[in-house]
Amino acid sequence: MIKLDISNVWGDLSLPDLLATEQEVFNAHKLLADGKGPGNDFLGWLNLPTFEETDEMRRIRRAAEKIRSDSDIFVVVGIGGSYLGPRAAIELVKGQNHNLRGKDPQVFFAGNNLSTRAWQELCALLEGKDFSINIISKSGTTTEPAIATRALRWMLERKYGAEKAKKRIYVTTDPNKGALRQMATEEGYETFVIPPNVGGRYSVLTAVGLLPMAVAGISPVDVMLGAARARKELDVRSFENPAWQYAAIRNLLYRKGKSIEMLCCYEPSFRYFAGWWQQLFGESEGKDGKGIFPATAEFTADLHSLGQMIQQGERNLFETVVRFTPPRKKTSIEVDWKNLDGLNYLEGKTLDFVEEQAFQGTLSAHVDGGVPVMVLQTDEVDADTLGELFYFFELSCGISAYMLGVNPFNQPGVEFYKKNMFKLLGKPGY
Ligand code: PA5
């Protein structure tokens with residue numbers, strides 16, 4: 001189970017400060033759980049994780065088996081909340097180089113940019129390969145995935161013929177509304193549901209995340225079990241709840257002028273999980289002139305770039321470091337008789353040991369430098385831990401945003417660039 005070590009946040013803050021927020025956190029959590037706060041028509045994610053397998057989950061598993069048997073490549077088309085969750089899950093559990101491992105279908109992502117180079121690279125990768133696509137869009141009208149979808153549908157039809165192509169197109173969208181739902185119904189594509197009361201960035205535990213995960217060889221059932229356990233264990237209305245601690249401390253630090261949070265991890269495969277977290281908190285909290293800026297860092301690589309800024313730059317940031325239990329299989333540093341690199345002092349030490357010292361050394365350096373640090377300790381990197389982490393951050397975000405006094409479930413600011421772009425593109429109505 002997730003544990004939050006808050007022993008390194010004291011400086012500007014004190015324990016009485018934290019305890020004084022008890023009623024405030026209680027109210028925020030209650031507002032969320034009772035469905036009485038702003039945006040309360042988007043609370044479906046709260047109750048998604050269950051211990052029982054649903055019909056939707058069985059269909060997801062069946063579709064994934066088919067895709068795994070008839071496709072070399074699976075292209076996941078989507079952006080924002082319809083993209084970051086599945087990518088976060090696959091990279092964290094299967095590793096950054098998952099596409100080079102050979103056993104599972106390769107998974108590529110499209111529709112999350114407007115880059116001609118990225119598109120042409122994908123086309124080259126698909127050349128001569130059997131592939132299927134999963135179009136993910138709740139609204140069904142988002143421009144980037146819509147453009148990629150049009151082209152990929154054509155590619156499938158040219159390769160397999162119209163009827164066979166239909167068996168390779170999987171659509172994840174709203175159950176009733178939108179252009180994508182209409183297209184899927186008319187063309188007879190297999191569809192999965194994004195419940196109307198689940199917003200994009202809270203949708204990873206629906207088919208949005210679960211189908212791509214299952215295709216990549218991650219058990220969606222285990223992900224759900226981890227999330228269901230988190231749902232049960234985080235349903236505690238006191239500071240024993242790590243979600244309470246996290247939500248309260250980040251708000252308290254914000255009030256003390258710490259306006260940037262860095263989510264840090266020593267696992268390179270965490271990069272897209274950090275991206276998912278960044279969207280979750282950025283879109284949920286950054287509004288009404290308020291919000292903690294969610295930044296991310298990959299240690300130790302970024303200690304050689306951002307490290308200087310963290311240690312001695314403006315004192316407006318705090319860190320949340322995610323720690324996983326090290327893998328059981330160890331790697332040790334070998335002896336070298338000539339010792340030309342001077343590394344023999346590490347002979348026989350495991351890489352984990354060195355990493356742990358890097359973590360401890362960095363922690364005390366940053367705390368000494370005036371950076372409050374929370375450490376989120378969790379289990380090994382696997383499907384169950386993944387589910388737990390997703391739910392932990394979603395719940396914490398809901399509570400934290402209500403403490404901040406904003407609606408966590410809308411994103412009105414995202415529309416501004418779209419309006420300008422549509423006008424420039426000459427879209428009817430703009
Ligand atoms: O969190 C959100 O709601 C957004 O990031 C959306 O997921 C994103 O804009 C994509 O929208 P859609 O799924 O409708 O294509």
Side-chain angles (χ1 to χ4, degrees), residues 38-46 48 75-89 109-114 133-153 169-184 189 191-213 272-287 291 294 296 390-391 393-398 400-401 406-422 425 427:
N40 57 2
D41 40 352
F42 284 100
L43 291 173
W45 57 273
L46 267 173
L48 282 175
V75 185
V76 180
V77 183
I79 196 166
S82 295
Y83 157 61
L84 289 159
R87 187 152 193 182
F109 294 87
N112 55 64
N113 58 66
L114 294 167
I133 66 172
N134 181 197
I135 311 158
I136 310 178
S137 176
K138 180 151 186 217
S139 62
T141 54
T142 310
T143 312
E144 294 90 333
I147 291 174
T149 296
R150 179 178 279 208
L152 285 163
R153 284 173 62 220
I169 300 175
Y170 300 83
V171 168
T172 307
T173 190
D174 186 277
N176 312 307
K177 294 193 309 240
L180 195 52
R181 169 60 54 184
Q182 211 183 326
M183 181 199 292
Y189 303 147
T191 60
F192 297 93
V193 162
I194 310 177
N197 61 356
V198 177
R201 59 190 172 275
Y202 293 83
S203 68
V204 65
L205 296 172
T206 69
V208 168
L210 298 174
L211 178 61
M213 287 184 220
Y272 274 91
F273 191 97
W276 171 84
W277 167 89
Q278 195 166 41
Q279 189 211 1
L280 179 69
F281 279 87
E283 276 194 350
S284 298
E285 293 194 327
K287 54 197 69 159
T296 67
F390 277 136
Y391 196 81
F393 279 120
E394 287 178 351
L395 182 67
S396 304
C397 185
S400 179
V406 298
N407 175 353
F409 307 113
N410 65 1
Q411 56 284 331
V414 177
E415 297 310 312
F416 286 75
Y417 97 92
K418 291 189 195 168
K419 276 193 194 131
N420 291 347
M421 179 177 81
F422 290 150
L425 287 170
K427 184 173 175 170

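Whatever order the structure lists them in is the order used to number ligands and atoms, beginning at 1. Side chains are part of it too, since the values below use all heavy atoms of this structure and drop only hydrogens, waters and symmetry mates.
Closest of all the heavy-atom pairs between Y202 and S284 is OH-OG, 2.9 Å. Here the closest heavy-atom approach between residue G81 and residue V208 is recorded as O-CG1, 3.6 Å. Between P145 and I79, the shortest heavy-atom distance links the atoms CD-CG2, 4.0 Å.
Within the 3.5 Å criterion, the main-chain N or O of S203 finds no donor-acceptor partner in the side chain of K138. A donor-acceptor pair under 3.5 Å links the side-chain atoms of Y391 to the main chain of L46, judged by distance alone.
Across the listed options L84, I194, N112, T142, T142 owns the non-hydrogen atom lying nearest to atom 12 (P) of ligand 1. Considering only non-hydrogen atoms, atom 5 (O) of ligand 1 lies nearest to Q279 out of K138, E144, Q279.
Residue I79 has at least one heavy-atom neighbour below 4.0 Å for each of these atoms of ligand 1: 7 (O), 8 (C), 10 (C). Close contacts between ligand 1 and Q411 involve ligand atoms 3 (O) [criterion: under 4.0 Å to a heavy atom]. Annotation for ligand 1: atoms under 4.0 Å from non-hydrogen atoms of S139 are 12 (P), 14 (O), 15 (O).
Under the 3.5 Å distance criterion, with hydrogens and angles disregarded, a donor-acceptor pair is assigned to the side chains of S139 and T142.
Of the N or O atoms in P145, none lie within a sub-3.5 Å distance of an N or O in ligand 1. For ligand 1, one of its N or O atoms has an N or O atom of R201 under 3.5 Å away.
Summary of contacts: the protein heavy atom closest to atom 3 (O) of ligand 1 is G200 N, 3.5 Å. The protein non-hydrogen atom at the shortest distance from atom 2 (C) of ligand 1 is E283 OE1, 3.5 Å. Annotation: atom 7 (O) of ligand 1 to nearest protein heavy atom, G81 N, 2.9 Å.
Taking the six-membered ring where tryptophan is involved, the planes of F273 and F393 are tilted, since the angle between them lies from 30° to 60°. Aromatic ring pairs are classed by plane angle as parallel below 30°, tilted from 30° to 60° and perpendicular above 60°; the pair F409 and W45 is tilted.
The protein does not reach atom 9 (O) of ligand 1 closely, with no heavy atom under 4.0 angstrom from it.
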